[in-house]
Chemist: 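Just passing along the structure, written as structure tokens.
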Protein chains: 4
Amino acid sequence: MTPPPVDQVRPRIEGDREQQILDAALAVLVEVGYDRLTMDAVATAARASKATLYRRWNSKAALVSEALVSRRGPLQTPDTGSLRGDLVAMFCGPHGMTDGSQTAMLAAVLTAVTRDEEFATEFRARFLEPKLALATAVFRRAQERGEVRADLDTDLIAPLLPSVAIHRHLMVGLPVDEEFIARVVDEVVLPLACPAGATGSTGSTDPR
Amino acid sequence: MTPPPVDQVRPRIEGDREQQILDAALAVLVEVGYDRLTMDAVATAARASKATLYRRWNSKAALVSEALVSRRGPLQTPDTGSLRGDLVAMFCGPHGMTDGSQTAMLAAVLTAVTRDEEFATEFRARFLEPKLALATAVFRRAQERGEVRADLDTDLIAPLLPSVAIHRHLMVGLPVDEEFIARVVDEVVLPLACPAGATGSTGSTDPR
Amino acid sequence: MTPPPVDQVRPRIEGDREQQILDAALAVLVEVGYDRLTMDAVATAARASKATLYRRWNSKAALVSEALVSRRGPLQTPDTGSLRGDLVAMFCGPHGMTDGSQTAMLAAVLTAVTRDEEFATEFRARFLEPKLALATAVFRRAQERGEVRADLDTDLIAPLLPSVAIHRHLMVGLPVDEEFIARVVDEVVLPLACPAGATGSTGSTDPR
Amino acid sequence: MTPPPVDQVRPRIEGDREQQILDAALAVLVEVGYDRLTMDAVATAARASKATLYRRWNSKAALVSEALVSRRGPLQTPDTGSLRGDLVAMFCGPHGMTDGSQTAMLAAVLTAVTRDEEFATEFRARFLEPKLALATAVFRRAQERGEVRADLDTDLIAPLLPSVAIHRHLMVGLPVDEEFIARVVDEVVLPLACPAGATGSTGSTDPR
DNA sequence: CAATAAACGAGACGGTACGTCGAGTCTTCCT
DNA sequence: AGGAAGACTCGACGTACCGTCTCGTTTATTG
């Protein structure tokens, strides 16, 4: 699964090496959380020196930010044919809110967002907005299909699902699983989005 | 009516003194944020010693937690007569989501939640659940008034508004003001909660 | 042999603790030399933290200087009755030039003398001058006894023996043992110091 | 008339280039001292790369050592006709102990001698022994002239002058000037070396 | 009302991590 | 082919903060 090793001994920081460091950072991040992640630990895990880390990233925040983005995965637009299917696929997939490592990273990084404005800006631009844009696109497509009423305020509805998931995970402290996601979709999102009569409370398949 | 002067030199920790320390902690917290808040700084600001701080609170997290709770203020059940009025009052009041210092503290404490399970438990029990219980009570009362349909899943709907507010503040980085709260209430909460025809539409369209 | 432990758990730096640290510093110094002596190593060896070291000593030089002085030992004036006996006793005794650890320290510290003027000044005043004064005193006493001619320039003769010993040890790289010291005493110092006829060129025993 | 290319030892680089680097090293050494001399600084000053430096010299100590030797200059046997004249000429000449830059370099190199045995061996063979051999030769020649008694232990006497000079410079911290050298020659070396009556004590006064 | 025990301020302590710098190694590019 | 450039690993630097601790003092409660 690993890419063919370019140079076992000392691959320069040229993408491969950089990704190795980012992977190490993510491993440490997931293991101990953002606050307990130390640059020494990342350096040791990556068999790099702190000097190298600081040469490439100004701060711990910058390193973690880049690491998160590197693992966001290719944002693939889900296309199950129905809004419900798309939403569930998007949030319960490998990089969704039910992905433990993903939420762990999210939790870890929220810490940094609240204190480092530079990091926050970069994190929002590179990690968050692509995700939100994707969710918005899903709704737009459903509108084009006529599945969702045309006057739906997608900017308000799209963040609904991640909002609830994050709140449940971090604040309430309860797990975010597929059952919960489905419940929110069926009882909150779809009733708001779909024309009154067509509310597919069991709408796993679209009638068409 | 004022309490007897607290002794300028060395007041024992007896409620008053404790509150002074918590106030000092809050002052430092608001000024520099959670991670740059040091116990030394709090001790200095409160003219106390670190030993005193640690004698009363197990950790920085516990101290900040208590400081936050101490300023949450008495939870007053809003009673404006309508669900919409109650919700807006609750979230836009002096200790609501539009209160800058309140959200700043919330952000600060998230740091601790994600790493200290003991702290998280206490924070949830003492800070979060009272708030959620209050929100749920508001919906229950609206149900009793017949303003909201009887089969509404209040456990799902009640956290909706705080979820969205927190997401917007922390993740998206946009301000949570009364206009935004009202929008969410009118376009998300009320349509879900109220019988189709009976939407508290006084707010949904802008009659001017 | 150790003084009664004042406090087994954590003796404050109050002489005992300070001496423990200085002993640790000397141990490291003798083992690896001045340049490879690191504050971390001293801290570890003394089970202290670097902060503690820097709180008490401004620099590595100051710490080593103090450590050297602490181990110079009580400068006891030798009194064997003859100049030859005094000299041999002084240089071949426990803190003399044949003491391996003493010369090791000397070698180690010479490094620092050549680059840190502050250290050099302190080292000369606290370590070197007392030693030179002692040697000069030995010659003065021999003059009073009439063993040495009265017009001997003691300031020139007193440093002779240490000079030759240091040169042999550091520069030439040969061991400085009692045999060598005796040779220098018999062939250099005594011929210069003593009246022509009385030169005990084989004067291993003092005639009295 | 240019001297034949010395080279021989290191065929890779042309003597000129090597000497340029050594000159650069000396310049940096004199400017900032041994410990603040960095290989980067030498490389920059010589417009060379660190790799080139390390290809030719094992360590900073080796480089500085060679730089020192390169400036020792050709050892010219002094020939003034008298032992006293030879000694003063040898030690007060351009590369003698009164040459400030020479003693400064000597101090610098002591650092390396005390920790790197390999370097010490090379330093002794290439720098020290030629000097000692020269001093010994001076005494031998004086013996042949009958100026010095035949049974003089030259191995013990020859290092005397450098020993005292080094001790005074490094340990005592006082300047080694011609006046001091002359004093040691007249009061220590000559009385030991010359037959009682023939002591070049006239040397203190200038017979002309 | 003195004596005593508890709680206090002050701050040193052992640790851990910080971000920087230099030594010595190694790779890439250029001539 | 070999040197300049410079990134790399390693490890020490001196500082800051954490959470623990030992002081000596102050306060409130006892005898």
Side-chain angles (χ1 to χ4, degrees), chain A residues 6-7 9-14 17 21 35-44 46-60, chain B residues 7 9-14 17 21 35-44 46-63, chain C residues 6-7 9-14 17 21 35-44 46-60, chain D residues 12-14 17 21 35-44 46-63:
Chain A
V6 177
D7 184 350
V9 182
R10 183 182 295 179
R12 281 251 167 154
I13 291 199
E14 274 175 353
R17 185 68 181 119
I21 293 176
D35 284 321
R36 294 209 212 280
L37 173 147
T38 68
M39 296 301 262
D40 280 282
V42 174
T44 300
R47 289 199 60 79
S49 76
K50 282 196 294 177
T52 299
L53 301 188
Y54 282 105
R55 204 178 294 123
R56 219 146 292 271
W57 297 278
N58 286 335
S59 65
K60 173 172 153 176
Chain B
D7 192 343
V9 182
R10 187 182 294 175
R12 286 254 164 153
I13 290 196
E14 272 176 353
R17 185 67 181 120
I21 294 176
D35 65 327
R36 290 206 222 281
L37 173 147
T38 69
M39 294 302 264
D40 282 279
V42 174
T44 300
R47 294 198 57 81
S49 77
K50 281 199 294 175
T52 302
L53 267 47
Y54 280 103
R55 214 175 284 126
R56 229 145 286 273
W57 296 277
N58 284 335
S59 65
K60 173 172 154 176
L63 170 59
Chain C
V6 177
D7 184 350
V9 183
R10 182 183 294 179
R12 282 250 167 156
I13 291 199
E14 275 175 354
R17 186 68 182 118
I21 294 176
D35 283 321
R36 293 210 213 282
L37 174 146
T38 68
M39 295 302 262
D40 280 282
V42 175
T44 300
R47 292 199 59 80
S49 76
K50 279 197 294 177
T52 300
L53 301 188
Y54 282 106
R55 209 177 287 124
R56 216 147 293 270
W57 297 278
N58 285 335
S59 64
K60 174 172 152 176
Chain D
R12 284 201 178 178
I13 225 172
E14 309 206 350
R17 183 72 182 118
I21 294 176
D35 65 328
R36 290 204 224 282
L37 173 147
T38 69
M39 295 301 264
D40 282 281
V42 175
T44 300
R47 291 200 58 80
S49 75
K50 281 202 294 177
T52 302
L53 266 48
Y54 280 102
R55 208 175 292 125
R56 243 148 276 276
W57 298 277
N58 286 335
S59 64
K60 170 174 158 175
L63 169 59

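All chains are named by letter (A, B, ...) in the order of the sequence lines, taking the proteins before the strands, and each is independently numbered beginning at 1.
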Chemist: If you look at every strand shown and take non-hydrogen atoms under 4.0 Å, does C/R47 touch a base, only sugar-phosphate, or nothing?
Modeler: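 The answer is sugar-phosphate, as C/R47 gets under 4.0 Å only of primed atoms, P, OP1 or OP2.
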
Chemist: Which one, E/dG9, E/dA17, F/dA12, comes nearest to the side chain of C/T38?
Modeler: F/dA12

Chemist: Answer yes or no: does a side-chain N or O of A/R55 lie under 4.0 Å from OP1 or OP2 of F/dC8?
Modeler: yes

Chemist: What's C/A41 touching, base or sugar-phosphate or nothing? Going by heavy atoms closer than 4.0 Å.
Modeler: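 Since no nucleic acid heavy atom lies under 4.0 Å of C/A41, the category is nothing.
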
Chemist: Within the 4.5 Å heavy-atom criterion, are B/I21 and B/R56 side-chain neighbours or not?
Modeler: no

Chemist: Listed by chain and number, what are the salt bridge (charged side-chain N to carboxylate O under 4.0 Å, His left out) partners of D/K50, not counting sequence neighbours?
Modeler: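 Here the qualifying residues are D/D40.
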
Chemist: Name all residues meeting the side chain to side chain contact (heavy atoms under 4.5 Å, CB included) criterion together with B/T44; count only those two or more places apart in sequence or in a different chain, and write none if there are none.
Modeler: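 Partners of B/T44 by the side chain to side chain contact (heavy atoms under 4.5 Å, CB included) criterion come out as none, since no residue qualifies.
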
Chemist: Whole angstrom is fine here: how far is it from NZ in A/K60 over to P in E/dT20?
Modeler: 15 Å

Chemist: Please check the phosphate of E/dG14 (OP1 and OP2 only) for any side-chain N or O of C/R17 closer than 4.0 Å.
Modeler: yes

Chemist: Just N and O in the side chain of D/Y54: are any of them under 4.0 Å from OP1 or OP2 of E/dG24?
Modeler: yes

Chemist: Given atom CG of D/D40 and atom P of F/dA7, what is their separation to the nearest angstrom?
Modeler: 11 Å

Chemist: Return the 5'-most residue of the pair C/A43, A/K50 with respect to DNA chain E, ranking by each residue's nearest nucleotide.
Modeler: C/A43

Chemist: Could you tell me how far apart A/R36 (CZ) and F/dC17 (C1') are, to the nearest whole angstrom?
Modeler: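 The answer, rounded to whole Å, is 14 Å.
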
Chemist: Could you tell me which non-hydrogen atom of D/L53 sits nearest to which non-hydrogen atom of D/A43, and how far apart they are?
Modeler: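 Taking every non-hydrogen atom into account, CD2-N, 3.9 Å.
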
Chemist: Any side-chain heavy atom of D/R55 within less than 4.5 Å of one from D/T52?
Modeler: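 D/R55 reaches D/T52 side chain to side chain.
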
Chemist: What integer distance in Å separates D/W57:CH2 from E/dT25:P?
Modeler: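 The distance from CH2 of D/W57 to P of E/dT25 comes to 15 Å, rounded to the nearest Å.
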
Chemist: Rounding to an integer number of Å, can you tell me how far B/L53 CG sits from E/dC8 P?
Modeler: 11 Å

Chemist: May I have the distance from A/I21 (atom CD1) to F/dC8 (atom C1'), rounded to whole angstrom?
Modeler: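 Taking atom C1' of F/dC8 as the reference, CD1 of A/I21 is at 10 Å.
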
Chemist: Looking only at side-chain N and O atoms, does D/S49 come under 4.0 Å of OP1 or OP2 in F/dA5?
Modeler: no

Chemist: So, does B/T52 get its side chain near the phosphate of E/dG9, meaning an N or O under 4.0 Å from OP1 or OP2?
Modeler: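 It does, given that an N or O in the side chain of B/T52 lies less than 4.0 Å from OP1 or OP2 of E/dG9.
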
Chemist: With heavy atoms under 4.0 Å as the rule, sort D/L37 into base, sugar-phosphate or nothing.
Modeler: sugar-phosphate

Chemist: Does A/R56 put a side-chain nitrogen or oxygen below 4.0 Å from OP1 or OP2 of F/dC8?
Modeler: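 It does, given that an N or O in the side chain of A/R56 lies less than 4.0 Å from OP1 or OP2 of F/dC8.
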
Chemist: Can you measure D/M39 atom CE to F/dG6 atom P for me and round it to whole angstrom units?
Modeler: 18 Å

Chemist: A/R17 and A/R47: which non-hydrogen atoms are nearest, and at how many Å?
Modeler: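 Smallest heavy-atom distance, with atoms named: NH2-O, 3.2 Å.
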
Chemist: Which part of the nucleic acid, if any, lies within contact of D/L63, taking any heavy atom under 4.0 Å across all strands shown: a base, the sugar-phosphate backbone alone, or nothing?
Modeler: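 No contact.
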
Chemist: Separation of C/N58 atom CG from F/dC13 atom P, in whole Å?
Modeler: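 Rounded to whole Å, this separation is 15 Å.
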
Chemist: Using a cut-off of strictly less than 4.0 Å, decide whether D/S59 has a side-chain nitrogen or oxygen near OP1 or OP2 of E/dA23.
Modeler: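 The answer is no; no side-chain N or O of D/S59 sits under 4.0 Å from OP1 or OP2.
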
Chemist: Mind checking D/A51 for me? I need base, sugar-phosphate or nothing, with any heavy atom below 4.0 Å counting as a touch.
Modeler: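 Base: the residue D/A51, judged by heavy atoms under 4.0 Å, touches a nucleobase.
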
